[in-house]
K.L.:
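Take this structure first; my questions come after.
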Amino acid sequence: MTLQSVRKVNSIDVGKTVDIALKACAALLALVTLILTFTISDYYIFNRISEYGFVFAASQWIKKAGLLLILLAVFYKKKSCSDIAKYVLPVFVVVSCFTFGKFFDITAVNEFSTPNELIYAHINEFMPKAANMAFFFISNALYLIICAGLFVRDGYKVRGKSFIWLPFALTACMPLNIFENFFDISDFSRTDFLWFKNFTLWHFLAILIVGGFTVGSYYFLKNKDRKLQDDFLAAAAITLLIQYHSKDSMIMGDGYNVYHTVFACIPLFICNIGVYVASISVIVKKKLLYAISFFVHAAGAVSVFVYFGKDDMSNFGIICSYSILYFCLTHCILFALSVLPSALGHYKFKMKDCVIPLLYYFGVIITASLLSAIVSSASMEFSYGGHVLTEVLLPNYAFTQLNPLPFEVPMWKLTIWRYDLNALYILGLYAAYVAIFFVFNGLTYAFRAARKAVLARTGAKREAGELALETAATEEADAQSAPIAEEPNPPENE
């Protein structure tokens, strides 16, 4: 073996080692940042920038965008993401280590806290300050290690055009409660024009956005090569997971919609679990996950845009509140991820593929029903500091407990521990969602058939037009190439 070949082999071995180390560190970073979302402080600062400092809040925001960039750089070899990460992230990671201030002492308790809120805080503040600090600095160390590894793997050269993607990463990972720095929600009532309710201007705008975003994404990606399509879908999936888990911290700090405890973070609402299924489906590219996403979660995601449930069950706030922005963004990306793989031809859904999704959804709704009843039963004994909880906790999969329809369903009581479920309502809910799934997929088939007919008709007209043009061109060419007849000589004048 020559010296040159030995060096080449050693270079390959080093490259593999660096690549494996990068993937291990990136996976660990994702896990640590996930754990940190279960602390109040994680997102609590972003709607209180004047209190916790612009520099620290900006550093934390850039680190969240950095997680997206790192995962794409490490697992998808995106050079532009690597360039941004290794030259931008380290500065803000180091800055965050010295500007955290009161970050680790954040609590939802204040002098105006009610007894119920004190109990919520006791439940939610389960992570000790020492653990919060440890995970925070471990994540910072991992950021720096990964950035160093990217220098080793990709070198020091950087392309200026790579930084075009930085604003997109920052926008994708924007803390959605940041707009609450500019208004006080207590200044708005449910009758205000900006309040989000069923069948208002904002409701119809949300429907238009989910359709426009999906159609726009399709036309943007349809002429791209398959790898680029996969990369964009993966970026959307990572963005969805980052934004989805922002809710963990929000629930425990300011509350999300009508939920206030960590129990509401358990992902058993149909769209919550759909976030994982749809995201994983575009990453691992498995037919079963594509089928579940397309048949179940696409219809589920879009159905809530049609009707959000009784207004008195929800507290979305005004259009730029965290709750409504989070809801619209996550469901919009969820719907797009559920339908785009099929629309782009990565997977062709057939009705026979619906069997396992139907069983899957039945399992989800039964599990959600049981767990929601168990959590609600347990909450009847929650107390802290001599205070007893005066209301029953309903977790975020409480769609099994709360009827969102504008009419009552007769009670078939099913008691789980201390809580009474309505078995008739739960069975009806399952049947209604199954009907929605089949209607959605029926409309999909109808759209495909209509599109095929239009394309066939357009193709036939195009072929006829092309044939006419070819015929005309041939006749013209024949006319030009035909011999010109000589005119007879005029008679001579006598």
Side-chain angles (χ1 to χ4, degrees), residues 28-70 85 87-113 117-118 120-147 166 169-171 173-186 242-243 245-256 260 262 265 321-322 325-326:
L28 183 57
L29 174 64
L31 176 61
V32 172
T33 52
L34 170 61
I35 294 171
L36 284 171
T37 64
F38 291 99
T39 58
I40 292 174
S41 54
D42 193 40
Y43 274 80
Y44 198 79
I45 62 171
F46 291 118
N47 58 355
R48 297 169 177 83
I49 291 177
S50 61
E51 182 178 351
Y52 293 98
F54 174 81
V55 173
F56 181 67
S59 299
Q60 291 296 97
W61 179 359
I62 291 171
K63 283 162 61 179
K64 292 188 181 299
L67 178 61
L68 169 63
L69 295 169
I70 280 174
Y87 279 103
V88 174
L89 262 180
V91 175
F92 292 94
V93 169
V94 172
V95 167
S96 72
C97 289
F98 295 96
T99 58
F100 55 81
K102 299 178 292 182
F103 181 67
F104 301 112
D105 297 311
I106 290 175
T107 175
V109 175
N110 57 56
E111 64 271 25
F112 304 109
S113 295
E117 289 170 343
L118 292 174
Y120 297 153
H122 175 64
I123 295 169
N124 293 332
E125 297 175 19
F126 61 90
M127 188 180 295
K129 177 180 177 180
N132 188 2
M133 294 182 69
F135 285 122
F136 177 86
F137 288 107
I138 288 171
S139 70
N140 282 352
L142 287 169
Y143 274 117
L144 296 177
I145 291 170
I146 292 169
C147 290
L166 178 57
L170 290 171
T171 302
C173 299
M174 176 187 294
L176 299 177
N177 59 334
I178 200 167
F179 300 102
E180 295 175 7
N181 289 285
F182 308 108
F183 66 88
D184 185 347
I185 191 62
S186 62
I242 291 172
Q243 291 289 7
H245 279 290
S246 70
K247 178 166 64 69
D248 306 337
S249 179
M250 288 299 300
I251 282 174
M252 296 186 288
D254 293 314
Y256 160 69
H260 304 282
V262 70
C265 299
S321 297
Y322 171 82
L325 292 176
Y326 163 84

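One-based numbering along the sequence shown. Keep in mind the model is a prediction, meaning the values are calculated, not measured.
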K.L.:
Hey, can you pull the donor-acceptor pairs under 3.5 Å for the side chains in residues 133-140, sequence neighbours left out?
P.N.:
residue: Ser139; atom: OG; partner: Phe135; partner atom: O; Å: 3.4
residue: Ser139; atom: OG; partner: Phe136; partner atom: O; Å: 2.6
residue: Asn140; atom: OD1; partner: Lys63; partner atom: NZ; Å: 2.7
residue: Asn140; atom: ND2; partner: Ser96; partner atom: OG; Å: 3.4

K.L.:
Do any N or O atoms from the side chain of Tyr43 and from the backbone of Asp248 form a donor-acceptor pair under 3.5 angstrom?
P.N.:
no

K.L.:
What's the spacing between Leu31 CG and Leu142 CG if we round to 0.5 Å?
P.N.:
10.0 Å

K.L.:
Considering the options Phe100, Phe103, Tyr44, which one meets the side chain to side chain contact (heavy atoms under 4.5 Å, CB included) requirement together with Tyr52?
P.N.:
Tyr44

K.L.:
So, taking the atom named CG in Leu176 and the one named OG in Ser321, what distance separates them when rounded to the nearest 0.5 Å?
P.N.:
11.5 Å

K.L.:
Yes or no on side-chain hydrogen bond (donor to acceptor under 3.5 Å, both in side chains) for Asp254 and Asn47, after CA distance, side-chain angles and deciding distance?
P.N.:
CA-CA 10 Å; Asp254 293 314; Asn47 58 355; 3.1 Å; yes

K.L.:
Grab the two heavy atoms, one from Lys64 and one from Ile242, that are nearest each other, plus how far apart they are.
P.N.:
O-CD1, 4.0 Å

K.L.:
Between Gln243 (side chain) and Met174 (backbone), is there a donor-acceptor pair under 3.5 Å?
P.N.:
yes

K.L.:
Please report the interatomic distance OG(Ser249) to CD1(Ile45), rounded to the nearest 0.5 Å.
P.N.:
9.0 Å

K.L.:
Taking all non-hydrogen atoms of both residues, which atom of Ala85 and which atom of Cys147 are closest, and how far apart?
P.N.:
O-SG, 3.4 Å

K.L.:
Has Asn124 got a side-chain atom pairing as donor or acceptor with His260's backbone, closer than 3.5 angstrom?
P.N.:
yes

K.L.:
Can you find a pair of side-chain heavy atoms, one from Ile62 and one from Leu170, that are under 4.5 Å apart?
P.N.:
yes

K.L.:
List the residues meeting side chain to side chain contact (heavy atoms under 4.5 Å, CB included) with Thr107, not counting sequence neighbours, and say none if there are none.
P.N.:
Val109, Glu125

K.L.:
Could you check whether any side-chain N or O of Asn181 sits under 3.5 Å from a backbone N or O of Ile49, counting only pairs where one atom can act as donor and the other as acceptor?
P.N.:
yes

K.L.:
Which atom names give the shortest non-hydrogen contact between Ile40 and Ala108, and what distance separates them?
P.N.:
CD1-N, 4.1 Å

K.L.:
Could you walk me through whether Leu29 and Ile145 pass the side chain to side chain contact (heavy atoms under 4.5 Å, CB included) test, one step at a time?
P.N.:
CA-CA 10 Å; Leu29 174 64; Ile145 291 170; over 6 Å; no

K.L.:
For Phe179, is the CZ atom crowded, meaning more than 12 foreign heavy atoms sit under 6.0 Å from it?
P.N.:
no

K.L.:
I'd like to check Ile70 versus Leu89 (side-chain heavy atoms, cut-off strictly below 4.5 Å). Are they in contact?
P.N.:
yes

K.L.:
Out of curiosity, Ser246 OG to Leu325 CG, how far, rounded to the nearest 0.5 Å?
P.N.:
10.5 Å

K.L.:
From Met250 CE over to Tyr322 OH, what is the distance, rounded to the nearest 0.5 angstrom?
P.N.:
5.5 Å

K.L.:
Going by the angle between their ring planes, with limits at 30° and 60°, are Phe126 and Phe38 parallel, tilted or perpendicular?
P.N.:
tilted

K.L.:
Compare all side-chain heavy atoms of Tyr143 with those of Leu67 and state whether any distance is below 4.5 angstrom.
P.N.:
yes

K.L.:
Does a side-chain heavy-atom distance below 4.5 Å link Phe46 with Gln60?
P.N.:
yes

K.L.:
Can Val262 and Ile251 be said to form a side chain to side chain contact (heavy atoms under 4.5 Å, CB included), step by step?
P.N.:
CA-CA 7 Å; Val262 70; Ile251 282 174; 6.0 Å; no

K.L.:
So among Ile35, Thr37, Asp42, which one has a side chain to side chain contact (heavy atoms under 4.5 Å, CB included) with Thr39?
P.N.:
Asp42

K.L.:
Could you tell me the separation between the SG atom of Cys97 and the CZ atom of Phe56, rounded to the nearest 0.5 Å?
P.N.:
9.0 Å

K.L.:
For the side chain of Trp61 and the backbone of Pro175, is there at least one donor-acceptor N/O pair under 3.5 Å apart?
P.N.:
no

